Amino acid sequence: MSRIKIDNLSKSFGSLEALKGVSFSLQAGRSLALIGPTAAGKSVLLKCLVGLYAPDGGTISIDGEAVGVSDERAPSLNDRIGMLFQQNALFDSLPVWENIAFRLIANGMSREQARAEAEALLPRVGLPAANADLFPADLSGGMQKRVGFARAIATKPDILLLDNPTAGLDPILSARVDDMISALARESGACVISVTSNMVGITEAYDEIGVMHEGELRWQGSAKAAETDDNAWLRQLLAGSREGPISTLTAAA
């Protein structure tokens, strides 16, 4: 049975169709990279999965059960899902450790234990535990991204949704983050869906790749298949080419 199954999902904002009948499934322990130009519907899809947006049509199933928006889901299900938002969404007034441990404290863990959990997570995302008492404003963009990632995995989720986890990071750090994502999926059996614009080493970092354009899933397959498949959308994105079905004007919009 698939951990996540999306069937004919649609979502509109007024006259804008953000998702047009998207369908795919992903098994536990597998990682999927969602690629595509700006405004392809990738982030909207993640927000439907996490329960922030209610789809207009279609279904989202987790472990075979259809689920609604976040406040309609059992708290135990929400705790199984971790998400890294595109702009990190850190709380400016809270120190790093409290940002990471926010959900742990909300779920009743003592502040002392929650702090210990947060400090243990910092080295896993490449930050020293000494950063625990800093505030988001004290951190670079790349460091904030890693704090956001630590918060996303703090509850040991078995579904991890990442919106551009390597955005704004240098190539070396981007590769490290991608390796960390892959390691998490392998070690914990987590199901990972990552929206990414980093094409470097993508077929090594992820198990599967999905290509979105104009709200539609244009291609999905294994990373190995992506290396040779002649799908025009896939080839254009992996090559970073101006030539293909994705116009540069549309991609920049």
Side-chain angles (χ1 to χ4, degrees), residues 3-4 24-38 40-43 45-46 49 82-88 121-127 140-150 152-153 157 159-213 217-246 248 251-252:
R3 171 63 48 83
I4 294 175
F24 71 89
S25 61
L26 192 65
Q27 295 183 338
R30 301 283 289 177
S31 58
L32 167 70
L34 275 180
I35 62 176
T38 301
K42 308 181 297 298
S43 295
L45 177 58
L46 288 194
L49 281 168
M83 182 162 182
L84 170 65
F85 292 90
Q86 190 170 36
Q87 301 300 327
N88 307 320
L121 280 171
L122 282 169
R124 287 195 63 190
V125 298
L127 293 173
S140 68
M143 294 169 75
Q144 290 183 21
K145 182 72 68 175
R146 283 176 277 176
V147 171
F149 185 76
I153 64 176
I159 297 172
L160 188 58
L161 308 176
L162 308 172
D163 198 349
N164 268 315
T166 59
L169 304 185
D170 63 74
I172 295 173
L173 185 53
S174 293
R176 288 177 181 169
V177 170
D178 281 338
D179 288 344
M180 187 165 53
I181 293 167
S182 298
L184 179 71
R186 289 193 304 270
E187 294 167 7
S188 66
C191 181
V192 179
I193 300 178
S194 178
V195 168
T196 182
S197 56
N198 180 28
M199 300 296 109
V200 179
I202 192 172
T203 57
E204 289 80 30
Y206 294 89
D207 299 312
E208 301 181 31
I209 294 175
V211 178
M212 292 195 66
H213 181 223
L217 188 66
R218 304 290 185 166
W219 187 88
Q220 185 195 5
S222 70
K224 183 175 179 61
E227 293 177 351
T228 57
D229 195 283
D230 62 0
N231 177 273
W233 286 270
L234 174 68
R235 295 267 62 84
Q236 183 181 2
L237 287 165
L238 292 184
S241 173
R242 295 179 181 177
E243 302 299 323
I246 303 170
T248 54

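Here, residue 1 is the first one in the sequence, and each next residue gets the next number. What you see is a predicted model, and the numbers here were worked out from it, not measured in a lab.
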Point to revise | Stepwise side-chain contact (heavy atoms from CB on, under 4.5 Å) test for Ile35 and Met212 | key: CA-CA 6 Å; Ile35 62 176; Met212 292 195 66; over 6 Å; no
Study note, to complete from the structure: Closest heavy-atom pair, Glu227 versus Thr203, reported as atoms and distance to 0.1 Å, is OE2-OG1, 3.5 Å
Check your understanding: What is the minimum heavy-atom distance between Leu234 and Asn231, and which atoms define it?
Key -> N-OD1, 2.9 Å
Exercise for review: Mind listing the closest non-hydrogen atom pair of Arg3 and Cys191 along with its distance?
Suggested key: CG-CB, 3.7 Å
Review point. For Glu208 and Gln220, does a side-chain donor sit closer than 3.5 Å to a side-chain acceptor?
Key: yes
Review point. Would you say Phe85 and Asp163 make side-chain contact, with heavy atoms under 4.5 Å?
Key: no
Review point. With a 4.5 Å limit on heavy-atom distance, are the side chains of Leu32 and Asp207 in contact?
Key: no
Check your understanding: Would a 4.5 Å heavy-atom cut-off, applied to side chains only, mark Leu217 and Trp233 as touching?
Key -> no
Check your understanding: With a 4.5 Å limit on heavy-atom distance, are the side chains of Val211 and Leu237 in contact?
Key -> yes
Practice item. Hey, could you give me the CG/CD1 distance between Leu238 and Ile202, rounded to the nearest 0.5 Å? Key: 6.5 Å
Check your understanding: Ignoring hydrogens and geometry, is there a side-chain-to-backbone donor-acceptor pair from Lys42 to Ser194 under 3.5 Å?
Key -> no
Review point. Taking only residues two or more places apart in sequence, or in another chain, which ones meet Arg218 in a salt bridge (Lys or Arg N to Asp or Glu O under 4.0 Å)?
Key: Glu214, Glu216
Practice item. Test side-chain contact (heavy atoms from CB on, under 4.5 Å) on Phe149 and Leu127 and set out the steps. Key: CA-CA 11 Å; Phe149 185 76; Leu127 293 173; over 6 Å; no
Point to revise | Residue pair Leu34 / Thr196, side-chain heavy-atom distance below 4.5 Å | key: no
